[in-house]
Undergrad: 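Dumping the structure here so I can ask a few things about it.
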Amino acid sequence: METRNINPWTWQDERSYVQAVEVKNVNSTLYCAGQAAVFPDGSSSTEDMKGQLTHAIANLEQVILAAGYEPKGIVRLNIYTTSSAALWPHFPILQEWIAKHGIRQASTLFEVKSLFETLQVELEATVVK
């Protein structure tokens, strides 16, 4: 697999994403449903934004690994949140996880009116190998 990042600017670098990712010679692609702070029994978390973000990251990583992929293969990561203002103070948690795995992904952040039940943040990824 070959990837090429397309960045006509540099401002996105401090926000931990790229403008576009070209992928060639892919062996397989994994499309992950949005992962949020949901416990193994299916119940939704009532944690604060920091706790839910950490939990959502762990759930996303678990799905990726269970499928036989690696987080560094993420080429697209969409972030849905019920409050951008509540997410921003904790955004470094996501940035540190991205840096830890060497992820260089295209991303879009969506502020939505609501997510399922008590959920505040959800991560949706496309992963390649």
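No hydrogens, no waters, no symmetry mates; every other heavy atom, side chains included, goes into these values.
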Undergrad: Side-chain heavy atoms under 4.5 Å apart, restricted to Ile/Leu/Val/Met/Phe/Trp/Tyr: what other residues fall into the cluster of Leu65, or is it alone?
TA: none
Undergrad: May I ask whether Leu109 and Met49 are part of the same hydrophobic cluster, defined by side-chain heavy atoms of I, L, V, M, F, W, Y residues being less than 4.5 angstrom apart, directly or through others?
TA: yes
Undergrad: Sequence neighbours excluded, which residues qualify as side chain to side chain contact (heavy atoms under 4.5 Å, CB included) partners of Pro89?
TA: none
Undergrad: Would a single hydrophobic cluster contain both Leu77 and Phe110, if residues Ile, Leu, Val, Met, Phe, Trp and Tyr are joined by side-chain heavy-atom contacts under 4.5 Å?
TA: no
Undergrad: Same cluster or not: Val128 versus Val21, using hydrophobic residues (I, L, V, M, F, W, Y) connected whenever any side-chain heavy atoms lie under 4.5 Å apart?
TA: yes
Undergrad: For Asp48, enumerate each residue passing the side-chain hydrogen bond (donor to acceptor under 3.5 Å, both in side chains) test, keeping only those at least two apart in sequence or located in another chain.
TA: none
Undergrad: What is the distance from atom NE2 of His55 to atom CD of Gln120, rounded to the nearest 0.5 Å?
TA: 13.0 Å
Undergrad: What residues form a side chain to side chain contact (heavy atoms under 4.5 Å, CB included) with Glu124, not counting sequence neighbours?
TA: Asn78, Tyr80
Undergrad: Can you name the residues that form a salt bridge (Lys or Arg N to Asp or Glu O under 4.0 Å) with Arg4, not counting sequence neighbours?
TA: Glu22
Undergrad: Listed by chain and number, what are the side chain to side chain contact (heavy atoms under 4.5 Å, CB included) partners of Ala36, not counting sequence neighbours?
TA: Val38, Leu119, Glu122
Undergrad: Is it the case that over 12 heavy atoms from other parts of the model lie below 6.0 angstrom from the OH atom of Tyr31?
TA: no
Undergrad: Should Ile103 and Val75 be marked as a side chain to side chain contact (heavy atoms under 4.5 Å, CB included) after you check the CA-CA gap, both sets of side-chain angles, and the distance that decides it?
TA: CA-CA 8 Å; Ile103 301 167; Val75 293; over 6 Å; no
Undergrad: Hydrophobic clusters here meaning ILVMFWY residues chained together by side-chain heavy-atom distances under 4.5 Å, can you tell me if Leu115 and Trp88 are in one?
TA: no
Undergrad: Any non-hydrogen side-chain atom of Val18 less than 4.5 Å from a side-chain atom of Gln105?
TA: no
Undergrad: Hey, could you give me the CG/NE2 distance between Leu53 and His90, rounded to the nearest 0.5 Å?
TA: 8.5 Å
Undergrad: Check the pair Cys32, Thr126 against side chain to side chain contact (heavy atoms under 4.5 Å, CB included), reporting the backbone distance first and the verdict last.
TA: CA-CA 6 Å; Cys32 299; Thr126 303; over 6 Å; no
Undergrad: Let me see the working for Val121 and Ile79 under side chain to side chain contact (heavy atoms under 4.5 Å, CB included), right down to the final yes or no.
TA: CA-CA 7 Å; Val121 64; Ile79 305 156; 4.2 Å; yes
Undergrad: Please indicate whether Gln62 has more than 12 foreign heavy atoms, meaning atoms of other residues, nucleotides or ligands, lying under 6.0 Å from its CD.
TA: no
Undergrad: Report the residues that fulfil side-chain hydrogen bond (donor to acceptor under 3.5 Å, both in side chains) with Thr82, sequence neighbours left out, ordered by chain and then residue number.
TA: none
Undergrad: Could you go through the side chain to side chain contact (heavy atoms under 4.5 Å, CB included) check for Leu94 and Ile57 one step at a time?
TA: CA-CA 8 Å; Leu94 183 60; Ile57 291 167; 3.9 Å; yes
Undergrad: Can you list, pair by pair, the side-chain donor-acceptor contacts under 3.5 Å of residues 95-102, counting residues two or more places apart and other chains?
TA:
from, atom 1, to, atom 2, distance (Å)
Gln95, NE2, Glu14, O, 2.9
Gln95, NE2, Ser16, OG, 3.0
Trp97, NE1, Glu61, OE1, 2.7
Trp97, NE1, His101, NE2, 3.3

Undergrad: Check whether the side chains of Asn7 and Gln19 place a donor and an acceptor atom closer than 3.5 Å, and report yes or no.
TA: no
Undergrad: Within the distance-only criterion (no hydrogens, no angle test), does the side chain of Thr54 pair as donor or acceptor with the backbone N or O of Lys50 below 3.5 angstrom?
TA: yes
Undergrad: Identify whether Phe91 and Ile93 are in the same connected component of the hydrophobic contact network (ILVMFWY, side-chain heavy atoms under 4.5 Å).
TA: yes
Undergrad: By side chain to side chain contact (heavy atoms under 4.5 Å, CB included), which residues pair with Ala67, not counting sequence neighbours?
TA: Leu30, Tyr69
Undergrad: If every non-hydrogen atom of Ser45 is compared with every non-hydrogen atom of Gln52, which pair is closest and at what distance?
TA: O-NE2, 3.3 Å
Undergrad: Return the set of residues passing side-chain hydrogen bond (donor to acceptor under 3.5 Å, both in side chains) with Ser44 (not counting sequence neighbours), or none when no residue passes.
TA: Glu117
Undergrad: So, using side-chain hydrogen bond (donor to acceptor under 3.5 Å, both in side chains) as the criterion, who are the partners of Ser83 when residues are at least two apart?
TA: none
Undergrad: Give every residue pair that meets the salt bridge (charged side-chain N to carboxylate O under 4.0 Å, His left out) criterion with at least one member in residues 66-84, sequence neighbours excluded.
TA: Glu70-Lys72
